[in-house]
Structure formats: structure tokens, C-alpha cells
Trainee: 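The structure that follows is given in the form of C-alpha cells.
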Amino acid sequence: KSKAAKLLAATSSSKKGKKKKWSKGKMREKKDHMVVFDEGDFEKLKAELPKKKLITIYNVCESFKINGSLARRAVAELVSQGVIRQIVSHSKFQAYTKISTKKRV
């Protein structure tokens, strides 16, 4: 027998000899978020964001359907205006919260 015939006989006789079929992998859905604010979108963000207890960049991206860099700029603008304050500062993660109007005694 030739090598090809031996190989064919070996692969057809056992289940282990069959070639594995690899999956194509799962593709993530592409998100089509805004990269620039429209007329009233920033005003809407300024009105709704200070009401949230915990604010992260991802939360802002998902709730307002905006780009991550745009969310970072918007949050930085609100911090500079004194509407929200930063509670966690890390190179990979920033967390913000609303500024409470009640003063502690």
C-alpha cells in the first residue's frame, strides 16, 4: 500500500482520525454611537447625569449612546462645572457621583 492509501484507511477507520472543524469565533456586534454631540444631547446629558448615584464612563456611553472619548470629555466638563465629583481615580477606571445638596452635621 502507498502512504496515501494507509492514511486514508487510518482516517476512515477511527473517529479520532477526522480533522477537527474549527468554529469561526463569535463576532461582537458593532456599536454605532455618536462621536459629536447634537444640539440638545449635551443639555439632556447635563440634566440627567447628576441624578445618577454612580457614574462611570461605560454607563455614560451606554445610556446616551455616545463614544467613549466623548463621554470622557462630557464627564470632565461636568466635573469642572462642579455638578458631579470624582470618587475613584485610577489610570484604567474613573468613578463619579452626584454632589449631594444636604450637608452632614
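Everything quoted here is computed from the prediction, not taken from an experiment.
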Trainee: Just verifying a value: how many Å separate Ile66 CD1 and Ile57 CD1, rounded to the nearest 0.5 Å?
Mentor: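 Those atoms lie 8.5 Å apart.
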Trainee: Keeping Glu43 on the side-chain end and Glu39 on the backbone end, is there a donor-acceptor pair under 3.5 Å?
Mentor: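 The answer is no, because no donor-acceptor pair under 3.5 Å joins these two groups.
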Trainee: Using a 4.5 Å cut-off on heavy atoms from C-beta on, say whether the side chain of Ile55 contacts that of Val60.
Mentor: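 Side chain of Val60 against side chain of Ile55, heavy atoms only: contact under 4.5 Å found.
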Trainee: So which atom in Leu70 and which in Met34 form the shortest heavy-atom distance, rounded to 0.1 Å?
Mentor: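 Here Leu70 and Met34 meet closest at CD2-O, 3.9 Å.
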Trainee: Is there a side-chain contact (heavy atoms from CB on, under 4.5 Å) between Glu48 and Phe64? Walk through the geometry before answering.
Mentor: CA-CA 10 Å; Glu48 291 181 21; Phe64 296 101; 3.7 Å; yes
Trainee: Could you check whether atom CD of Gln81 has more than 12 heavy atoms from other residues, nucleotides or ligands sitting under 6.0 Å from it?
Mentor: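 Enclosed.
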Trainee: Return the minimal non-hydrogen interatomic distance between His90 and Gln94, and the atom names on each side.
Mentor: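 The pair with the smallest heavy-atom distance is O-NE2, 2.7 Å.
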Trainee: Where do Leu45 and Phe37 land on the side-chain contact (heavy atoms from CB on, under 4.5 Å) test, with the steps shown first?
Mentor: CA-CA 10 Å; Leu45 183 132; Phe37 278 118; 4.2 Å; yes
Trainee: Can you tell which of Val75, Leu54, Val88 makes a side chain to side chain contact (heavy atoms under 4.5 Å, CB included) with Tyr96?
Mentor: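 It is Val75; the other options fail the test.
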Trainee: Salt bridge or not for Glu62 and Lys31, using N-O below 4.0 Å?
Mentor: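 Salt bridge: yes.
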Trainee: List the atom of Phe42, the atom of Glu77, and the distance in Å for their closest heavy-atom pair.
Mentor: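 Closest approach of Phe42 to Glu77: CZ-CG, 3.8 Å.
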Trainee: Please answer whether the main-chain N or O of Ala95 pairs with a side-chain N or O of Thr56 as donor and acceptor at a distance below 3.5 Å.
Mentor: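 Looks like no, no N/O pair under 3.5 Å.
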Trainee: For Leu49 and Leu78, what are the C-alpha separation, side-chain angles and deciding distance, and is it a side-chain contact (heavy atoms from CB on, under 4.5 Å)?
Mentor: CA-CA 9 Å; Leu49 207 57; Leu78 292 179; 3.4 Å; yes
Trainee: Just do the side-chain contact (heavy atoms from CB on, under 4.5 Å) check on Thr97 and Arg85 with the steps written out, would you?
Mentor: CA-CA 6 Å; Thr97 189; Arg85 69 182 176 92; 3.9 Å; yes
Trainee: Do Lys52 and Lys98 come close enough that some side-chain heavy atom pair is under 4.5 Å?
Mentor: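 No; the side chains remain at least 4.5 Å from each other.
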Trainee: Would you indicate whether the side-chain heavy atoms of Val83 and Ile99 approach each other to under 4.5 Å?
Mentor: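 Contact flag for Ile99/Val83 side chains = no.
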Trainee: Minimum heavy-atom separation for Cys61 to Gly68, with atom names?
Mentor: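 Smallest interatomic distance, heavy atoms only, reads SG-CA, 3.5 Å.
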Trainee: How close do Ile84 and Pro50 get, counting heavy atoms only, and between which atoms?
Mentor: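 Between these two residues, the closest heavy atoms are CG2-CA, 4.2 Å.
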